[in-house]
Each structure stands twice: as structure tokens, then as C-alpha cells.
Amino acid sequence: MILEIKNLSFAYDKQFIFKDLNFSLESPSVLSILGPNGIGKTTLIKCLLGIKKKTEGEILFDGKDIDKFEKKDFYSFVAYLKQGGKETSIYTVLDTVLLGLASQINPLLKPKDSDIEKVNNMLEELGIYHLKDKYVSKLSGGEAQMVFMARALVREPEILILDEPESNLDYRNQLLMLDTIDRLKSRGKLIIFNTHYPEHALRYSNKVLMLNKNYKYKFGNTADIITKENIEETYRIKAAVGELKDGDTMYKDIIPLSIV
Amino acid sequence: MKTANKKINIFVAILLIVLPIVISTVCLGFGRLSIPINEIIDYFKGNPISNQNKLILANVRIPRIVSAMLVGAALPLAGLIFQSYFSNPLATPDTLGVASGSSFGAALAILFGFNIFGIEISAFVFGLLTIVITGITGLKRDESKQTIILAGIIVGSLFQSLVSLVKFVADTDTVLPSITFFLMGSFQSIGKETLFVSVPIVVICILIIFLLRWRINLLTVDEEVVKTMGVNITLLRMIVIVAATIITAISIAMAGQVGWVGLIVPHFCRMLVGENHTKLVPFTISIGICFMVIIDTIARSMFAAEIPLSVLTSLIGAPFFIYMIRSRTGVKL
């Protein structure tokens, strides 16, 4: 799948949030979107998801603009995961994930055994099958986030869009989330996520979009975009970029030092 | 394991159907003049029974029990829908002002001398108007859903004062008593003609909600997320809210304001079967019918004079609700 963004702008009451964005992606790929608070990262992904209507420009999925899709068709290949901790469910894990299949289930019928089977497989894959009959409201933040991930993935979308998926999670749960993203990429999917952690972008994405003040932005391969200079400029800080060695593997790390 | 579960499910389903029928049949026997159960069964079988009992059953008891069943299914189901729709455990026809709006519609129709069909339509129109006003007032964009109850109370009291206005201008000898009597909540005056109009409409609305019961789970899903699920959530919302408002309005047009049932029955069912509407909807209908029929039977047969329904429902409802709020498994959503 190819996603092309052409001259994309979004404005609230004539106040532009972002302007004239241009970039394109081809699956398999992971794009991380970086930028300071309030720069419009969330607004951008909501535009890509069709939750917010773009003001100008084009969002093309395999050459077809987002506005030209039937909702049902569009959301059969695009799925969304909300920021961790921003969503709750009053149902059990199984019932919550089943709702992800709602568009495929006859409105007047209950889910079939085959639907439940699909959900069970997805829970198995994400390692939360044992939580199946628990209430989501009783789970930890990390477990709940995995449940919502399962609900997003159960339709087997080609594109997954996530809003700060690793926010509010501890190290282990962050890794669980990011590893899932990695696995999806290796299966040929296109993943787009917002993050406040440049080091996650470094490790897990091959493309980066860095949003900056005054409608400036940078887009490109991760190594070219996440540099000391760009981090310092975007976040208006002084930062150190170093390397950590674990066994034979080198890891790049970024440490924020001081405010400029 | 799986087949065992299926067997239990079938057993529960049968129980949910049989229990209201048994209770209603038994309750037919109670009243100022008690009729033995075997005579009631004979009556339904078409066997001859005493003329007096036959008349009582056909003209008094059966219309009354059927109305109680109808309202008992309708108000709790409407309460359940409103609670899920607004993600608020306190949302009911009463707290959202729908009951007041429908009462005003009904009172207005009585003032103008409309027949029962007119009263029901008027009750529905004003009920729907109320829910729209309450919805617009209470659900400002990106705001918590708690304000909805506040809005409901405000809009409700507005329509209550309009009801008072109608009463004020009504003829004190003829119209006022019938409005007052009607608003107190009673199944006493319901005739067969009323039922012929109301039963089909309410049954259709309940059937629609029943068929959509799995899908109704989507109502509580996060606003933005549900948009990305590829379902027509707006249509679903419209269908269920209109159906819930219709059954509320007809209940009120038939029996006046019967408080509390819309609140406590759904919560009681939640404590029994959890949050999944696939189970909640049938349980709410069935238990609502049982509850209402029993309450009405008590109301008409405990004392020489009939006790208004709302008095009984709040006597039971308020303590029960306090218990639910205090209990660990109680009110959530």
C-alpha cells in the first residue's frame, strides 16, 4: 500500500495547525511523528484517520483520496489505537475485542463462532488470551492497551495508526507495544505513530516526520532526521547523542541535557 | 464446557420467557375478588368459567396486566438504552427530562381533548424534543458526559412547570382531574382501545432494540474510536434513541410517570449478568415485566384504596439504589 500526502493543511477557524505537508510512504514501513507538545501531531493523525476533515490538500491511499472512500471500505484497511490510558471499556476483554469486527457482523445478529475464533487467535497472538473473560476496567494500563491493540488488529488492517502508543506504560509494556509494531512491519504492514520518545523512533521506525514551529517540518529516513541538530532545534534544548553497546549491537541514545 | 454453556444459556432463555408469563398469570387472580388459578387457566384454554370472573378477567384484569407488562418492559429498557447512550449510570427517562417532556405532551393532548392515539403522538413528540434539548445542552463537544444529568434536570423542570401551566388553564371540573390522575401513574384507567394502539408500537420498538442488542455495545465505545470501526454509528444511535423515546412516551401516555423502574431494573440486571447488552437487553425486559406486574398487583390489592405506583416504586427503588451505590459491584459504566 502506498500513502501519499500532498500539500496537506489543517486549520481550526482559519488558524492553521499545519500547512503544506508533503511526504509519501510505502508498506512495509514504520513512520514515527515527532515534535513538541501542541504542534499538531495528534491532529495530523486524526486527519489521516478521517476523524478530522482535512482543510486542504490530498491524502491518497494507493492513489485514491481519503474523501472518496466509503467509510466501511476505508476502515477495513485502516485501524486506530488511541493513546494509552485515554480509553476504557466496560466490557470483558473478549466482548471488547469482538467490537472490532462490528463492521463485518450483520447488524441484527450476534457474532458467529468464527468471529469469536478470530478474536481468540488475536488474543493468543498478543499474549493476552488468559485475560479473555476479565473486565477491561480491572486490568493494568499495559494490559488494557494490548486489548485495544487487539481490537484494532482483529480486522487485519493494512495500515495501523497509533497515537502515542507507549505513553503511560512502563518499560516492559513499552517494549511489548513497540515489538508488536515491529512484528506488524515485518508482515508487510504500514504503521504510523506519534511519539515523545526520539529513541523509540530511532529503534523502531525507518521513516520520521518531525514537525516544527512555523509550519516547518522534516521528513526522511530515520538516521537522517534524528540528529543532534534537529533534536535541539525542534525541542529547543541541548541534547547529547551517544552510543550504547550491548554485546555486538550498537544502540543510539539521546539524552536531553538542558533548556535553551 | 462449550456445550454445557450452551445448555445453560438455553435454560436461562426459557426461564426469561416463562417467568413473566407465570407471574402475570398468577397475578391475574389477585384483586378485590380473587380468582383461582385453575379458572384463569381454564379461561385461556377456552373452557367455560363463571360469567362474572370471565368479565373481570376480560375487561379489567387482562388489560391491566398487559399494560403493566408493557410498561414494565418499556421503561427499564429505555433506561438501559439512555444509560448506555450517554455513558451515564444515572441516565433514565426521569433524569433526562424525557418523562417530564412526554408528560407535558400528554397533558397538552388531554387539554385539547385528543384521543389516546393523539395523546401518544403528542407524548412522543415532546419526549423526543426533550431528549434533543437535553442532549444539545448536556453534551458540549469534548466535554465530560456528567453534565447530561444536570441538563436533564433543568430541561425536566422546565417541562414540569409547563405541565403546571397546562393544569392551571385546564377546566377544574373535567380536564384537571383527568390530567392529575393520569400523571400520578396508574394502570387503572387503561382500556382495551388504548392497548390496541400501544401494544403493537411498543412491541415493534422493543423488538428492534432486541435485535440490535449486540450492536448496542458500540454505544459505549470511545467517540473517536467508534468512528474508525467502519460502522454507521450515527444511524444506530438514532434508531435506538428514537425507539427508546417512543416506548417511554407510550408508557407515560398509558400509565403516567412511573418513577425509578427505568433506573433500578437495568442496574439490577447489570449486577446479575454484567455489561454485555446481548444479555442485558433480554434480562432487563424480562425482569422489568416481572417487577412491574408484581408492583402493580401490590398497588391494587394490598389496601382497599389503590396506592399510586410511583409511591411503591420509590419506596423500593430508593433503598435498593442506595444499596447498589454502596456495594462494590454496584453502579459503574
Side-chain angles (χ1 to χ4, degrees), chain A residues 42 45-46 48-53 69-83 86-92 94-113 115-116 133-138 148 151-152 154-155 157 159-163, chain B residues 1-3 5-6 9 13 80 83-84 86-89 141-142 144-145 207-240 266-267 270 273-282 328-329 331-333:
Chain A
T42 301
I45 66 162
K46 282 182 184 168
L48 299 183
L49 278 162
I51 296 174
K52 289 202 155 99
K53 210 169 151 36
F69 281 97
E70 285 286 328
K71 276 208 170 110
K72 196 180 166 185
D73 298 336
F74 182 69
Y75 294 116
S76 70
F77 67 86
V78 175
Y80 173 42
L81 181 63
K82 218 174 162 134
Q83 191 178 332
K86 285 274 172 79
E87 212 197 327
T88 54
S89 170
I90 58 170
Y91 308 114
T92 61
L94 178 71
D95 289 338
T96 303
V97 179
L98 263 174
L99 290 176
L101 291 171
S103 61
Q104 300 171 8
I105 292 169
N106 183 320
L108 299 180
L109 297 178
K110 289 197 289 179
K112 293 190 286 284
D113 284 348
D115 297 316
I116 294 169
D133 295 318
K134 289 221 162 110
Y135 277 94
V136 176
S137 51
K138 296 268 192 289
F148 296 128
R151 189 185 57 194
V154 72
R155 255 172 297 152
I159 300 178
L160 180 66
I161 302 180
L162 312 96
D163 191 7
Chain B
M1 178 68 186
K2 209 164 190 186
T3 47
N5 265 343
K6 282 228 162 102
N9 282 344
L80 177 70
Q83 284 159 21
S84 303
F86 294 108
S87 292
N88 192 312
R141 213 192 298 173
D142 295 333
S144 92
K145 292 185 166 179
L207 194 67
I208 290 171
I209 293 173
F210 181 79
L211 289 172
L212 289 168
R213 67 195 186 284
W214 181 74
R215 212 143 256 249
I216 287 171
N217 285 335
L218 285 169
L219 292 180
T220 68
V221 174
D222 181 274
E223 175 76 32
E224 283 175 349
V225 173
V226 78
K227 274 188 190 169
T228 67
M229 283 185 168
V231 290
N232 194 339
I233 191 73
T234 319
L235 181 68
L236 177 71
R237 282 189 186 143
M238 258 168 51
I239 292 173
V240 296
H267 283 301
R270 282 201 172 88
V273 296
E275 304 287 343
N276 191 333
H277 291 81
T278 318
K279 283 186 179 165
L280 263 181
V281 168
R328 203 166 53 83
T329 51
V331 182
K332 49 185 182 225
L333 205 73

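Only a predicted model underlies this, so the values are computations on that prediction, with no experimental measurement involved. Naming: A, B, ... by sequence-line order, numbering from 1 per chain.
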Do A/Arg151 and B/Val221 come close enough that some side-chain heavy atom pair is under 4.5 Å? yes
Among the options B/Val231, B/Asp222, B/Leu218, B/Ile208, pick out the one with the most heavy-atom pairs lying under 4.5 Å from chain A. B/Asp222
When only pairs under 4.5 Å are counted, which of B/Leu212, B/Leu211, B/Asn217, B/Val226 shares the most heavy-atom pairs with chain A? B/Asn217
Hey, could you give me the CD/CD distance between A/Glu87 and B/Glu224, rounded to the nearest 0.5 Å? 9.5 Å
Spacing of OH belonging to A/Tyr135 relative to CD belonging to B/Glu275, to within rounding of 0.5 Å: 6.0 Å
Which atom names give the shortest non-hydrogen contact between [X] and [Y], and what distance separates them?
{"X": "A/Leu99", "Y": "B/Trp214", "answer": "CD2-CZ2, 3.9 Å"}
{"X": "A/Ser103", "Y": "B/Met229", "answer": "CB-O, 3.3 Å"}
{"X": "B/Thr220", "Y": "A/Tyr91", "answer": "OG1-OH, 2.9 Å"}

By a 4.5 Å heavy-atom criterion (distance strictly below it), what part of [X] contacts chain B: side chain, backbone, both, or neither?
{"X": "A/Leu109", "answer": "backbone"}
{"X": "A/Lys86", "answer": "backbone"}
{"X": "A/Ile161", "answer": "neither"}

B/Arg215: partners by salt bridge (Lys or Arg N to Asp or Glu O under 4.0 Å), with sequence neighbours left out: none
Restricting to salt bridge (Lys or Arg N to Asp or Glu O under 4.0 Å), what partner residues turn up for B/Lys227, sequence neighbours left out? none
Out of [options], which one racks up the most heavy-atom pairs below 4.5 Å with chain B?
{"options": "A/Lys71, A/Arg155, A/Lys72", "answer": "A/Arg155"}
{"options": "A/Val78, A/Asp95, A/Thr96", "answer": "A/Asp95"}
{"options": "A/Tyr80, A/Phe74, A/Tyr75", "answer": "A/Tyr75"}

Please test B/Asn276 against A/Thr92 for side-chain contact (heavy atoms from CB on, under 4.5 Å), starting from the C-alpha separation and ending with a verdict. CA-CA 8 Å; B/Asn276 191 333; A/Thr92 61; over 6 Å; no
Can you confirm whether A/Lys52 is buried at NZ, in the sense that more than 12 heavy atoms of other residues, nucleotides or ligands lie under 6.0 Å from that atom? yes
Checking B/Thr278 against chain A: side chain, backbone, both or neither under 4.5 Å from a heavy atom? side chain
